[in-house]
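Step one of this worksheet: look at the structure below.
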Protein chains: 2
Amino acid sequence: MRLTRAAEYAIRCIIYLAKQGRGVLANKNDIAERAEIPPHFLAKIGQDLAKAGLIEIRQGAKGGFVLVKEPRDITLLEVVETMIGEIYLNDCVARPSGCNALSACGVHQVWIRARNQLRDTLRQATFDKLIKKKICIPVSDVKNLTGLNNTRGRDNSPEPVKNLP
Amino acid sequence: MRLTRAAEYAIRCIIYLAKQGRGVLANKNDIAERAEIPPHFLAKIGQDLAKAGLIEIRQGAKGGFVLVKEPRDITLLEVVETMIGEIYLNDCVARPSGCNALSACGVHQVWIRARNQLRDTLRQATFDKLIKKKICIPVSDVKNLTGLNNTRGRDNSPEPVKNLP
DNA sequence: TTTATACAAGACAACAAACATCTTATTTAT
DNA sequence: ATAAATAAGATGTTTGTTGTCTTGTATAAA
Ligand code: SF4
Ligand code: SF4
């Protein structure tokens, strides 16, 4: 499992749409600008999200993206797996045939367990909950968006992870 | 986070050594053969494991790898993170400075939670427990190792994941 | 002391994936 | 008709994975 940029962008896109509410159309370039997503890349991501039934794409003048489902019916897991495929952590979880240990292998069992936990956690995070909290994607109020992830120059600074409680 | 081949190989290597017990020397090529690890690649992996203090490498004739710590003091997390670096799932968990949402972002909090759960699960898996169960890396008995992951020709067959209970 | 054995260290290369961008349609409101 | 907006997919750049290979060093045993 690896969260790609595309997946993070997709989440931001859905957040943006969820804030507006289901059925409300949003211009693609607006989304791209506010959520700091490369516009062309968003086009591709949007197609994936549409194929998965999360959004609907309106073509033509005054077109854009529309959220199809209610935010409370969309889970973080859904969005993430739409973009990066099903999470399985270890290869042998996805294809047990590779190793004949199957359920007998202790390590395998740990991966299964870790995978299920992770997916459950992401499944519990629905977008109605997510948009209630403050979020770094402003939808209409802030014009001067300061803090977005514009780590373009991909710095690999060590910067230790804080272990929040 | 992505479990690489190198990480899976490292786990198998430690499993092999753990089965023999701490302080018992094992020939590198034997490990490579039994655990189905490309020999030269194992050399590289071994160096990482040695740097992390998990094993000791004996050079020269009759050299090889020796487990330094007791199996019960080695966790799956330790081995995995030695090989792939600290697990953080999402970039912004590792570098909160990228996004000024910090603890305010609902999505961020989910990633933090998921990350902690995952790491805890892997930390609880110590190698004394792991080698008690049957495992697909035989150490001394089986000569005809049948079921190892020799998916060399990297098949991308769909083969759906079973949802074990 | 010489030799064969075994690992160290790091360069290098093939391949795949991520991360986009660009071009050429097609669709739709006006 | 025209302009606005997305679709579809070809293409390119960069990074990461998964090794292999070469040269050198340490050690045991003859
Ligand atoms: S040894 Fe266990 S964890 Fe590793 S590939 Fe085989 S079944 Fe999976
Ligand atoms: S929007 Fe939230 S989850 Fe996404 S990068 Fe910013 S802090 Fe992280």
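Below, each value reflects all heavy atoms present in this structure, side chains not excepted, and no hydrogens, waters or symmetry copies. Just so you know, these numbers come straight off a predicted model, no measurement behind them. Here is the naming used below: chain letters follow the sequence lines, and residue numbers restart at 1 for every chain.
One can place CZ of A:Phe41 at 19 Å from P of D:dT11, the figure rounded to the nearest angstrom. The interatomic distance linking B:Lys51 (NZ) with C:dA8 (P) rounds to 11 Å, in whole Å. Look at CG on A:Leu25: it is 8 Å from P on D:dT6, rounded to the nearest Å. Put simply, CG on A:Leu42 is 13 Å from C1' on D:dA7, counting in whole angstrom units. Between the CG atom of A:Asn27 and the P atom of D:dA4 there is a distance of 12 Å, rounded to whole Å. The interatomic distance linking A:Arg12 (CZ) with C:dC19 (P) rounds to 12 Å, in whole Å. The interatomic distance linking A:Phe65 (CZ) with C:dT28 (C1') rounds to 16 Å, in whole Å. Between the C1' atom of C:dC19 and the CG atom of A:Asp48 lies a distance of 13 Å, rounded to the nearest Å.
When all heavy atoms of A:Val110 and B:Ala125 are compared, the closest pair comes out as CG2-CB, 3.8 Å. Between A:Leu42 and A:Ala32, the shortest heavy-atom contact is CD2-N, 3.7 Å.
One finds no salt bridge joining B:Arg34 and B:Asp30 here, because no Lys/Arg side-chain nitrogen approaches an Asp/Glu carboxylate oxygen to under 4.0 Å. Using a 4.0 Å cut-off between charged side-chain N and carboxylate O, B:Arg12 and B:Glu36 make no salt bridge.
Put simply, the side chain of B:Arg115 gets close to the backbone of B:Ile87: a donor and an acceptor are under 3.5 Å apart. Formation of a donor-acceptor pair under 3.5 Å by the A:Arg22 side chain with backbone atoms of A:Leu67 is not found in this model.
Across all strands, A:Gly46 comes closer than 4.0 Å to no nucleic acid atom at all (heavy-atom distances). Among the atoms of the strands shown, only primed sugar atoms or phosphate atoms (P, OP1, OP2) are found under 4.0 Å from some heavy atom of B:Gly63.
Residues B:Lys62 and A:Lys28 each lie close to DNA chain D; by heavy-atom proximity, the contact nearer the 5' end of the strand is made by A:Lys28. Along DNA chain C, the nucleotide nearest A:Arg58 and the nucleotide nearest A:Ala7 are compared for position; the residue whose nucleotide lies closer to the 5' end is A:Ala7. Residues A:Gln59 and B:Gln59 both approach DNA chain C. Their nearest nucleotides, taken by heavy-atom distance, put B:Gln59 toward the 5′ side.
Between B:Arg2 and D:dT18 there is a side-chain N or O to OP1 or OP2 distance below 4.0 Å.
The listed nucleotides are C:dA20, C:dC7, D:dG19; the one nearest the side chain of B:Tyr9 is D:dG19. The side chain of A:Gln47 sits closest to D:dA7 out of C:dA20, D:dG19, D:dA7. Comparing atom distances between the B:Lys44 side chain and each of C:dA20, D:dG19, C:dC7 picks out D:dG19 as nearest. Which of D:dG19, D:dA7, C:dT23 sits closest to the side chain of A:His40 comes down to C:dT23. The side chain of A:Ala61 approaches C:dT28 more closely than any other nucleotide in the set D:dA7, D:dG19, C:dT28.
Between the side chains of B:Thr121 and A:Gln117, at least one donor N or O sits under 3.5 Å from an acceptor N or O.
Contacts of B:Lys69 classified as side chain to side chain contact (heavy atoms under 4.5 Å, CB included), with partners at least two apart in sequence or in another chain: B:Leu54, B:Asp73, B:Ile74, B:Glu78.
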*So what's the dot-bracket for DNA chain D: Watson-Crick or G-U pairs under 3.5 Å, [ ] if a pair crosses, | if it pairs off-strand?*
||||||||||||||||||||||||||||||

